[in-house]
Amino acid sequence: MKIGIVLYPTFGGSGIVATELGKALAEKGHEIHFISYNHPVKLDHFLPNIRYHEVRPFHYPLFDYQPYELALTSKLVDVTRYENLDVLHVHYAIPHASAAYFAKQILKTHNIDIPFITTLHGTDITLVGKHPSFEPVITFSINESDAVTVVSESLKKDTYRHFAVVNDIEVIPNFVEHSHYCRTPKEEDLLRKEAIAPNGERIISHVSNFRKVKRIEDVVKVFQKIRAKMPAKLILAGDGPERYKIEQLCKELEVCGDVEMLGNVQNASEIYCISDLFILPSETESFGLAALEALASGVPVISSNSGGLPEVNLHGFSGFLSNVGDVNSMADHAISILESDEKLSQFKKQAYEHSLKFSLKEILPRYEKIYDRLVSASMVKKEE
Ligand code: GMT
């Protein structure tokens, strides 16, 4: 099958999920066409069955804002026609779903009827999408999608709650390819671990795009409480608007000496590989891909109980859940896991075990089933 995948090319979770999905589909023999404004960060060049098509908005001095959505729409029309695509799969509603709808209408004038799937990821619904400046377009394009998927039950409820959506929504959780994550550190991992924690301190980590919604200040506060009880180091990976504030907080709480701020990292699995505990205290999180990646590396997770996190992190088994902002409860749970080697290794085992529920081989066929259904339906329409 020839599949066009529209995505954000950045470190955001939706872009990573879309890239990994495309790569896995290509490995199964599908022809994948990634469409975005930049080469996706997690996509190598020269992979079999994979092409990348760049969207370049036209710069003109009259425009205060570049009309990206129109450039994307034109690119979708162009790629669909010239590559003979069978189906489009857009990740993140804004502005991908409405661009796909518009492209579909234009393609009809060329006697092409291409189905499109919209996968909603979270902030396109819970934060940005419901803003009045987007809401009517989002509602319309979700209802006009040939199939709609969301990454958690929680996001499905939020979508129906915030929008007048009448279309069916299927929950397909995010996934991990377990072979990309390490459970047993290799020589080079152990060297890295020794560099960060030379005296065998516990290693706690957090990976995100450093936006307010991630509540990274809670990570630092929880860490301060853990460190008061045992030797520990904190790795903060990622970059974004909160970074400066967090640097300040580390100083105020006098923990800077034990905190490593790495900025954006190409391969977060290297961090999970040497971590003993992962913290994700988000205000809202429709899924929490980073938490799943940590679990797949056998790292227990301390998280908030917001959004889809309870679907990813099993309380008392793969880690613990606390109310948003309850740093005392998060610290107590963290200490209870970290205080003995036996308890830690039990939780590490359980974390990995729980992550198997989200393995790529379980999830991939669910997307393929939707593609098959839509493409068969559009072939029937063509014959009529
Ligand atoms: O908010 C982010 O971290 C980025 C955003 C994205 O679309 O890239 O993440 C959302 O999609 C991820 C992949 O499905 C989910 O794992 C995240 O939970 C979700 N973020 C939020 O809901 C805040």
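Along the sequence shown, the residues carry numbers beginning at 1. For ligands, and for the atoms within them, numbers begin at 1 and follow the listed sequence.
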Atoms in ligand 1 flagged as close to [X], the criterion being non-hydrogen separation under 4.0 Å:
X: Leu289; answer: 16 (O)
X: Asn174; answer: 13 (C), 14 (O), 16 (O)
X: Tyr92; answer: 7 (O)
X: Asn209; answer: 2 (C), 3 (O), 4 (C)
X: Gly122; answer: 22 (O)
X: Thr284; answer: 23 (C)
X: Gly12; answer: 8 (O)
X: Gly288; answer: 15 (C), 16 (O), 17 (C), 18 (O)

Heavy-atom distances under 4.0 Å decide this one: backbone, side chain, both or neither, for [X] against ligand 1?
X: Ile16; value: neither
X: Tyr8; value: neither
X: Thr10; value: neither

Which pairs of donor and acceptor atoms, one on a side chain in residues 255-266, lie under 3.5 Å apart (sequence neighbours left out)?
residue: Asp258; atom: OD1; partner: Lys233; partner atom: NZ; Å: 2.8
residue: Asp258; atom: OD2; partner: Arg227; partner atom: NH1; Å: 2.7
residue: Asn264; atom: OD1; partner: Asp239; partner atom: N; Å: 3.3

Pair [X] + [Y]: basic N to acidic O under 4.0 Å:
X: Glu188; Y: Lys186; value: no
X: Lys28; Y: Glu368; value: yes
X: Asp276; Y: Lys348; value: yes
X: Lys23; Y: Glu20; value: yes

With respect to Gly15, determine whether any N or O atom, backbone or side chain, lies less than 3.5 Å from an N or O atom of ligand 1.
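No; every N/O pair is 3.5 Å or more apart.
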For Val213, is at least one N or O under 3.5 Å away from an N or O on ligand 1?
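N/O-N/O distance below 3.5 Å does not exist for this pair.
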Side chains of Ser36 and Tyr52 only: does a donor on one sit below 3.5 Å from an acceptor on the other?
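Judged by distance alone, the side chains do not pair up.
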Among His91, Arg211, Glu293, the residue with a heavy atom nearest to atom 2 (C) of ligand 1 is Arg211
Over all heavy atoms of both residues, which pair between Leu309 and Gly288 is shortest? Give the atoms and the distance, please.
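Heavy atoms of Leu309 and Gly288 come nearest at CD2-CA, 4.2 Å.
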Suppose we measure from [atom] to each protein heavy atom; which comes out shortest, and what is that distance?
atom: atom 21 (C) of ligand 1; answer: Glu285 OE2, 3.4 Å
atom: atom 22 (O) of ligand 1; answer: Ser286 N, 2.8 Å
atom: atom 9 (O) of ligand 1; answer: Gly13 N, 4.2 Å
atom: atom 14 (O) of ligand 1; answer: His121 ND1, 2.6 Å

Below 4.0 Å from ligand 1: does a non-hydrogen atom of Val151 turn up there or not?
yes
May I have the step-by-step check of side chain to side chain contact (heavy atoms under 4.5 Å, CB included) for Leu72 and Tyr37, ending in yes or no?
CA-CA 8 Å; Leu72 172 61; Tyr37 57 82; over 6 Å; no
Parallel under 30°, tilted from 30 to 60°, perpendicular over 60°: which one fits the rings of His121 and His91?
tilted
For the residue pair Phe58 and Tyr60, categorise the inter-ring angle as parallel (less than 30°), tilted (30 to 60°) or perpendicular (more than 60°).
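Correct class here is parallel.
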Co-membership, hydrophobic cluster, residues Phe116 and Ile125, 4.5 Å side-chain
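As far as the 4.5 Å side-chain criterion goes, Ile125 and Phe116 are connected within one cluster.
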Could you tell me if the side chain of Ser282 sits less than 4.5 Å from the side chain of Lys214, heavy atoms only?
yes
